[in-house]
Amino acid sequence: MLDIQMLRKDLPAVVAGLARRGVAFDEAGFRALEDERKGLQSRTEELQAKRNALSKQVGILKGKGEDASAVLAEVGGIGDGLKANESALAALQERLNAFLRTIPNLPRPEVAEGRSSEDNVEVRRRGAPRVFDFAPKDHVDVGAGLGLLDFDTAAKLSGARFSVLRGALARLHRALSQFMLDVHTREHGYTEVYVPYMVTGECADGVSSLAKFRDDLFKVEGRDLYLIPTAEYPVTNFVRDTLLEAKDLPLRFVCHSPCFRSEAGSYGKDTRGMIRQHQFDKVEILQVVHPERSAEAHEELTRHAEAILDRLELPYRTMMLCTGDLGFASAKTYDLEVWLPGQQAYREISSCSNYEAFQARRMQARFKGGEKGRAEPVHTLNGSGLAVGRTLVAILENGQQADGSVAVPAALVPYLGGVERIERA
RNA sequence: GGAGAGGUGGCAGAGUGGUCGAUCGCGUCAGACUCGAAAUCUGAAGUACCCUCCGGGGUACCGUGGGUUCGAAUCCCACCCUCUCCGCCA
């Protein structure tokens with residue numbers, strides 16, 4: 001959420017920032033609500049002060065053994081009016097707060113202005129798409145040809161948007177997570193964590209807006225628990241309601257987890273194959289940093305994700321999302337897009353975002369010991385490093401051979417017990 | 001599932017109706033001592049919000065939500081969480 005002080009002191013800047021994302025902000029409506037709040041709060045606090053003072057007098061009088069009935073009569077008259085004011089104020093503050101939590105983050109100034117993914121900006125490109133001397137298949141056909149990718153069984157078990165992997169493909173899937181975890185822990189300085197795959201509504205609302213995105217999540221029936229759509233949900237909440245020391249920063253975590261997404265609103269989109277599933281694995285990298293370090297940390301974290309693609313020899317490009325394509329909580333995002341010969345297109349395989357203080361304010365994650373001397377919100381960042389299912393897709397499509405087998409990237413061979421090629425079972 | 005104990009400031013831990021926003025300790029910060037450091041001594045400091053003639057004044061917050069009362073950390077009710085023991089269990 002945005003800093004309420006900023007809305008009060010510099011509303012035009014907020015309005016302008018949101019306009020860059022294509023979000024209209026009701027300036028007059030907000031001002032009116034704020035004025036109402038201010039008046040009501042002053043009146044309420046005045047009454048409370050009066051009651052407190054009189055009550056204190058009662059105590060003093062009674063302590064001396066004197067008669068307090070006159071004061072009691074006076075304070076008795078305050079009660080009803082005060083109660084009415086208090087509940088009106090509470091309701092108003094609740095409304096203001098709920099409203100505040102539905103406002104998206106402001107884009108950083110350097111983020112390119114635009115309306116949709118069409119306007120995203122390519123930052124760099126690595127690796128050239130391979131030239132095939134045969135017509136490359138998509139991963140569904142490659143997987144089916146190997147007899148190791150099975151959507152029919154998955155559909156029988158759980159319906160659409162699930163998959164079953166068998167044999168060498170299941171092992172490749174496991175190997176990918178291990179490989180990514182090893183690189184991030186050994187070479188990039190992240191601490192591996194294992195976490196719950198369900199979180200409370202409060203935690204969900206800490207990383208994004210539960211009110212806005214509830215439908216994207218799977219909820220556990222009869223419980224205030226949601227299946228996580230990414231490890232960002234549990235891991236970022238490590239620091240909720242926490243006061244850190246400046247010297248503890250940065251915190252760096254890497255977490256492999258399944259991710260569950262209802263994919264509401266994506267009907268008809270990517271219905272074929274493993275690109276868009278209700279359940280997929282992801283290795284997520286996260287950082288909690290000093291506010292002054294977050295821009296730098298964002299570049300670094302993005303390179304950490306790119307490093308995985310480099311090692312796997314997969315061609316990709318790095319896109320800076322334009323203001324209109326930015327996620328709700330993000331101030332700046334780089335998407336990594338891997339080349340998929342089967343689709344003849346670059347497709348998202350990682351999203352690396354700097355949330356600045358947006359999530360930290362929502363979840364009260366602060367640190368102390370900075371220059372300001374007082375507690376202030378930390379900055380949070382995260383990125384996929386990488387989405388495991390989509391990486392598997394990329395390997396199947398980029399590594400496919402004319403005979404239907406798939407070449408394993410050299411970096412993964414040790415993780416597959418020396419197997420260099422996946423062949424029909 | 002059964003029984004019990006408990007949730008208080010960065011941590012630890014007092015406080016059972018009236019100057020308690022809260023004792024003491026540890027830790028933190030500043031100053032003194034020191035060439036410097038340690039030890040010691042002195043002092044400072046919760047968070048959020050409102051008003052301000054910028055000196056300061058005020059409100060709320062003791063797990064959460066209600067209630068009783070002129071007044072609640074303290075009494076009552078509900079809920080959440082943690083710990084211990086027993087049972088069950090991968």
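Computed over heavy atoms, backbone and side chain alike; hydrogens, waters and symmetry mates excluded. Throughout, protein chains are lettered first and strands after them, A, B, ... in sequence-line order, and every chain is numbered starting at 1.
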Distance test, side-chain N/O of R43(A) to OP1/OP2 of rC50(B), below 4.0 Å =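 So the side-chain polar atoms of R43(A) never come under 4.0 Å of the phosphate oxygens OP1 or OP2 of rC50(B).
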
Look at the side-chain N and O atoms of R51(A) and state whether any lies under 4.0 Å from the OP1 or OP2 oxygen of rA72(B).
->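 False: R51(A) side-chain N/O out of range (4.0 Å or more) of rA72(B) OP1/OP2.
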
Are R293(A) and E296(A) close enough, and set up right, to give a salt bridge (charged side-chain N to carboxylate O under 4.0 Å, His left out), and what steps lead you there?
-> CA-CA 6 Å; R293(A) 277 259 313 135; E296(A) 190 187 337; 2.7 Å; yes

Whole angstrom is fine here: how far is it from [atom1] in [X] over to [atom2] in [N]?
X       : N       : atom1 : atom2 : answer
E94(A)  : rA48(B) : CD    : P     : 20 Å
L92(A)  : rC49(B) : CG    : P     : 16 Å
Q48(A)  : rC70(B) : CD    : P     : 17 Å
K368(A) : rC11(B) : NZ    : P     : 10 Å
D248(A) : rC11(B) : CG    : C1'   : 13 Å
L47(A)  : rA60(B) : CG    : P     : 11 Å
Q5(A)   : rU47(B) : CD    : P     : 15 Å
N52(A)  : rG57(B) : CG    : C1'   : 14 Å

With rounding to the closest Å, how many angstrom separate the [atom1] atoms on [N] and [M]?
N       : M       : atom1 : value
rG17(B) : rC76(B) : C1'   : 13 Å
rA48(B) : rA39(B) : C1'   : 39 Å
rC85(B) : rG66(B) : P     : 36 Å
rU47(B) : rU42(B) : P     : 25 Å
rG63(B) : rA12(B) : P     : 14 Å
rU23(B) : rC77(B) : C1'   : 31 Å
rG31(B) : rA38(B) : P     : 13 Å
rU52(B) : rU16(B) : P     : 41 Å

If you only use heavy atoms from C-beta on, which nucleotide in [options] is closest to the side chain of [X]?
X      : options                   : value
V58(A) : rC50(B), rG18(B), rU68(B) : rG18(B)
A49(A) : rG58(B), rC50(B), rU68(B) : rG58(B)
S42(A) : rU59(B), rC51(B), rC70(B) : rC51(B)

Under 3.5 Å for both donor-acceptor distances, Watson-Crick or wobble: does [N] have a partner, and if so which one?
N       : result
rA48(B) : rU59(B)
rG10(B) : rC26(B)
rC20(B) : none
rA90(B) : none
rC35(B) : none
rA73(B) : none
rA5(B)  : rU82(B)

Tell me which of K56(A) and L72(A) sits closer to the 5' end of RNA chain B, going by the nucleotide each one is nearest to.
->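 Checking each residue's closest nucleotide, the 5'-ward one belongs to K56(A).
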
When you match E245(A) and E34(A) each to their closest nucleotide on RNA chain B, which lands nearer the 5' end?
->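 Result: E245(A).
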
Where does the angle between the aromatic ring planes of Y190(A) and H304(A) fall among parallel (under 30°), tilted (30 to 60°) and perpendicular (over 60°)?
->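 Because their plane-to-plane angle is over 60°, the rings of Y190(A) and H304(A) count as perpendicular.
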
Taking the six-membered ring for Trp, are F358(A) and F328(A) parallel (under 30°), tilted (30 to 60°) or perpendicular (over 60°)?
->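 Rings of F358(A) and F328(A): perpendicular, as their planes differ by over 60°.
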
Under 3.5 Å: donor-acceptor pair, side chain of R361(A), backbone of M1(A) =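 A pair under 3.5 Å: yes.
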
Minimum heavy-atom distance I228(A)-P234(A), with the two atoms named |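 Distance-wise, the nearest heavy atoms are CG2-CD, 3.5 Å.
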
Shortest non-hydrogen contact from N105(A) to L18(A)?
->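 Looks like O-CD2, 4.4 Å.
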
Say whether E86(A) and Q48(A), considering side chains only, have a donor N or O and an acceptor N or O under 3.5 Å apart.
->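 Yes, a side-chain donor-acceptor pair sits under 3.5 Å.
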
Using a 4.0 Å heavy-atom cut-off across all strands, classify [X] as base, sugar-phosphate, or nothing.
X       : value
K38(A)  : sugar-phosphate
R366(A) : sugar-phosphate
L243(A) : sugar-phosphate

Passing candidate, side-chain contact (heavy atoms from CB on, under 4.5 Å) with I349(A), options V393(A), D335(A), L336(A) |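 Exactly one option meets the side-chain contact (heavy atoms from CB on, under 4.5 Å) with I349(A), and it is L336(A).
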
For rG55(B), does the O4'-C1'-N9-C4 (purine) or O4'-C1'-N1-C2 (pyrimidine) torsion place it in syn, i.e. within 90° of 0, or in anti?
->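 Syn conformation here, the glycosidic angle of rG55(B) being no more than 90° from 0.
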
